[in-house]
Amino acid sequence: MTSPVRKAAIGIFAAAFALAATGSTIAPVSAADPGVTDTEIVLGGSHPYSGPASGYGNIGKGIGAYFSYVNDKGGVNGRKIKYIDKDDGYSPPQAVQLVHQMVEQDKVFAIFDTLGTAVNTAIRPYLNQNGVPQLFVATGASTWGHDYQKFPWTIGWQPDYQAEAALYAHDILLNHPKAKIGVLYQNDDYGEDYNVGLKRGLGKHQDMIVKMASYETTDPSVGSQISTLKASGADVFLIFATPKFAIQAMVITAQQSWHPTIYLNNVSGAVPFMNAAAKAGGLSAVNGVISTIYLKDPANHARYAGDAGMKLYNEIMTKYLPSADKDDGNYLYGVSIAYTMCDVLKRAGKDLTRKKVMDIATNLVEKDNPWAYPGVMIRTSPTFRYPITQMITAKWLTTGWSPTGLLVDTRAMTMAEK
Amino acid sequence: MPRPNAGLLTRVAIAVAVIAILPWVVPSFLVFDLIYVAAYTIAILGLIILTGMNGQISLGHGAFMALGGYVVAVLAHSAGWPYWIGVPLAAIASGVAGLLIGLVALRLAGVYLALATFSLAVATPSFLKHYKSITGGFDGMSLQPVQAPAGVPLGGQQWLYYVAWAVAGVVFLLSALLVRGQFGRALRALRDNPIAAVSFGVNPYFYKTAAFGWSAVLAGIAGGFYAIPTAYVSPDTFTFALSITLLIGAVLGGISTFWGALVGGIVVEFLPLVAQQINAAAPGVVYGVALILVMMFLPDGIVGGLLRLTYRFRRAPPQPALESSTPSAAPVTVGPQSRE
Amino acid sequence: MPALLTVRNLTIRFGGITALNDVSFDVAEGHITGLIGPNGAGKTTCFNCITRLYQPTSGEVLFKGEDLLRCVPQQIAGKRIARTFQNVALFDHMSVLENALVGYHTRFPVGLAAWGAETAATREAMDVLDRLGLAGIANRPAHGLPFGLRKNVELARALMVRPELLLLDEPAAGLSHDEVTALGDTIKRIARDFSTTVLMVEHHMALVMRISDHIVVLASGKTLADGPPDAVRANPAVIEAYLGAV
């Protein structure tokens, strides 16, 4: 080695150890679980603020707004909530790195509401290995409820896609027993989850399905799929798609003068999407479309005019997210799921541990979430970890979703499947 | 003759020393992030050889990373093969794919090649979702976290860090040996003036395909070291954005020197994280502004800019070593072209 | 003298334009042959056919009896034929030395032995650069150099092929009067030192007349005249073609 090398190496050693020294003083010294002090609870989460799914970023903003509201009211059991919310760009490796940082550097108490099936699948092993709660993940895949024995620190929140599709099957058997069913689905496990639920719901009547057409997220249009489905003679049309393709499907169906009864999956049924379809394809494209709801619809101003929960939502949004579009159901989703989070922390009491929070989250009966559809409860048990199982079918009538029929609990179906 | 000189050896020694010491002095999550830096660095090195040295623009190297990552994952997940077999096989599989794509690339140049490779990157996630019996489809595949071998007093993460950087070191060395001398000159001659190069006996088919193949080998290895720390692969892991990230890294780091790969790897790993610290509401804006600033003020990348600074400081032109191919790293102008 | 290169009945058409029309001439071994003619006469096209950058419509190009038209461009240098370009085609982002070393490309042994040859190649390149007055700037990148030096770098690169046939495309273009004078001596010297045959496209008549052993005149794609300098200078057809420019 030449002498500049040695000098440089010495310099680096010195600098590195100086860095290490400062690093160790930052780390909090605490015997209890990380992320909890007398005055603060640190939660971590990530959402796709950039990338292909950035529309869902509003969920994270809604959560932030609710936590600010709670903190201004004095926090949870005297502790303020600090929510470290990062942009994962919908990328699993990015999310894994962020979660490592949040757990190891930011010392979060728990991870709350990371979004997307792939992202949550990626971070699940690490969090479970380290005993960090992975609470109320924002995805409807069935694995969150299903695989709890392998991943006891993980739990979902929203109804799973299979249960939702089973509910459509249930509704079809009841109201259209002679239907010929055509299905448009996204060619991945998201679409596949719905198909599984539909077939399970139809049971021995699976031959009612006359045609299934798939699309890729890279397809420019689903026009040819609609033509195929129309040609099959189907008179009931199920759309299991992401919003962009769902809107296309409704518009093209109307343009092709095909008039089936349409069932639309919940995640594509937010009011802005329905309005977009109505604008492009006319009212006939959307009127009468059937979907499910389990939260209140912030765009249905008439229905919830006197609703206390909706009043609070508007108040929170006006104060903490003044420039946001309140009608966007993603914000309401965020506010609502943050309520459940605070509820669990509150019930866990002053003496907060990760273990205890997990116990509460898996023994939960929350009847008073202000933004759940009236009657919808959040219920779990250590062996049944699908928090929301109740949904109601709703019909689109010109400006909003009108609930039809009764609130259905898919819990029995889900339990039967296990 | 371009022999490694004392300055180069010094820089390499410093880099090795820093890499060796870092896991003992930085927080564990940073060690974890630095494994990804190794993966990015290896992939960007491939792009520097392909695009910087040979002039072939690829916007599709994320696809080769996907291939590498999935070879490792499928072998580990389905057959239980260890990673140390999976990664070399990933390199081979990706290299073969790179040779095939390289043959197609011979017919395309410039922006057409960029578009063709870009479509490769765009198609990759759909392709992975389609063959779900092998790839696990949309749900992807979870992998076992890495454990240090018995008797090695390191945590799994530290062990993986050292392995990844050791592999990066080997890959740098092999690449340096490859592009020194005749082979590297032929690549750069084809980039600078294909007609003249061909007239002096440089076979464009051989060298361009070889460059594509080798850069794909590196991307395949990088894909492995992208999948292993994540302990999970899915189509969302390898979107087209990854391909663009790699090219951004190459350009920001400096596309004409190997050091650009190291700097580029650090930048693409940490710039998004730093951008979030600066402005949590709009990290994309911070990221974009940073990109534009670098492109405006350091057109030859960060390493190019540093070289220029040291040149100014020392008042002596940088000696051609690994940087001998640097287009503008050595700002020596001997006056305007005279045509009197 | 036996013919090293024979061009026979060479014809090439680009669309409807006939760039070369039944051109034939010989290049004798050891000679400096000048290929002259007005702009658009087809001189560079002729070079490009010989080095296989163009595919002629018909005709033959024989080098030491071998049909070059069966070769692909990258095989030409291996036959010990090297060229320069009218518009100076250097590898701009490579050093002067590296430019010269590309000329050595076909002489490297195949495989790993190529590494061992690097030292010998570099020594030879430095020697050639030295002969052309470029040794002092061997490590400069090619792109910043003055035009005259760039032309010399091209010449050095071509000489690194150890050519039996050296094709020079307008070596004097863009050079000052003094530089042209020096260039004539340089060409004669390297033809002797490297024992190479030279075929040179050139507009600078004084230079051509001074150093050529033999001159071929092209006009409008045809061979107009072919002979020693004095005979060509006196040829009325040539004088007419150049409108008294000679």
Side-chain angles (χ1 to χ4, degrees), chain B residues 1-3 5 52-55 176-208 255-257 300 304 316-321 323-340, chain C residues 48 51-53 72-79 81-85 88-95 97-99 101-108 114-115 117-119 121-123 125-126 137 139-150 154 157-158 160-161 173-177 179:
Chain B
M1 152 162 202
R3 277 189 181 286
N5 55 26
M53 298 201 141
N54 197 220
L177 289 175
L178 186 70
V179 304
R180 273 183 66 202
Q182 188 197 17
F183 192 95
R185 274 195 303 272
L187 292 187
R188 287 178 280 129
L190 282 168
R191 171 199 65 195
D192 278 5
N193 198 318
I195 299 223
V198 166
S199 296
F200 286 91
V202 177
N203 185 337
Y205 308 107
F206 174 78
Y207 285 98
K208 289 175 89 170
I255 198 145
S256 44
T257 89
D300 40 2
Q319 286 304 302
E323 295 84 7
S324 59
S325 60
T326 312
S328 34
V332 184
T333 41
V334 188
Q337 292 197 355
S338 57
R339 267 180 166 278
E340 65 271 18
Chain C
N48 285 343
T51 57
R52 304 298 298 111
L53 297 178
V72 291
Q74 59 264 32
Q75 289 175 320
I76 295 299
K79 311 266 176 221
I81 300 173
R83 69 173 292 178
T84 65
F85 293 85
V88 187
L90 288 180
F91 308 121
D92 274 343
H93 300 303
M94 297 164 67
S95 69
L97 174 62
E98 287 178 309
N99 268 273
L101 282 168
V102 174
Y104 198 86
H105 185 82
T106 56
R107 296 166 62 205
F108 272 102
W115 272 333
E118 185 79 11
T119 311
T122 306
R123 198 182 307 124
M126 287 309 294
I137 56 165
N139 288 328
R140 290 260 181 90
H143 67 86
L145 299 178
F147 192 67
L149 286 182
R150 287 168 63 81
E154 258 210 320
R157 181 177 65 186
M160 285 297 286
V161 176
L175 298 188
S176 67
H177 179 77
E179 283 173 328

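Worth saying up front: this structure is predicted, and the values here are computed from it rather than measured.
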* Note: E118(C)-R180(B) ion pair, threshold 4.0 Å (strictly below) -> no

Turns out that what part of L190(B) lies under 4.5 Å from chain C's heavy atoms comes down to neither

Here the gap from H105(C) atom NE2 to Y207(B) atom OH, rounded to the nearest 0.5 Å, amounts to 3.5 Å

Comparing R157(C), Q75(C), E154(C), R52(C) against chain B, the one with the most heavy-atom pairs below 4.5 Å turns out to be R157(C)

Q: With the side chain counted from C-beta on, respond yes when M160(C) and F200(B) share a heavy-atom pair under 4.5 Å apart, and no when they do not.
A: no

Rounded to the nearest 0.5 Å, the CG atom of L90(C) sits from the CG atom of D192(B) at a distance of 9.5 Å

Hits for side-chain hydrogen bond (donor to acceptor under 3.5 Å, both in side chains) against T84(C), two or more places apart or cross-chain, chain-then-number order -> none

*Measure the shortest side-chain to side-chain distance between I195(B) and F85(C) over non-hydrogen atoms and say whether it is less than 4.5 angstrom.*
yes

Bottom line for Y205(B): the part with an atom under 4.5 Å from chain C's heavy atoms is side chain

Per-residue tally against chain B (heavy atom, under 4.5 Å) across A158(C), G103(C), G78(C), A142(C) peaks at A158(C)

Distance col, row N203(B):CG vs Q74(C):CD, nearest 0.5 angstrom, shows 4.5 Å

If one checks every heavy atom of I76(C) against chain B at 4.5 Å, the contacting part turns out to be neither

Those residues at least two apart in sequence (or on a different chain) that pass side chain to side chain contact (heavy atoms under 4.5 Å, CB included) with A77(C) are T106(C)

Under 4.5 Å to a heavy atom of chain B? For I137(C) that would be neither

message = Within the structure provided, determine whether R185(B) and Y104(C) are in side-chain contact (heavy-atom separation under 4.5 Å).
response = no

When the 4.5 angstrom heavy-atom criterion is applied to V161(C) and chain B, the contacting part is side chain

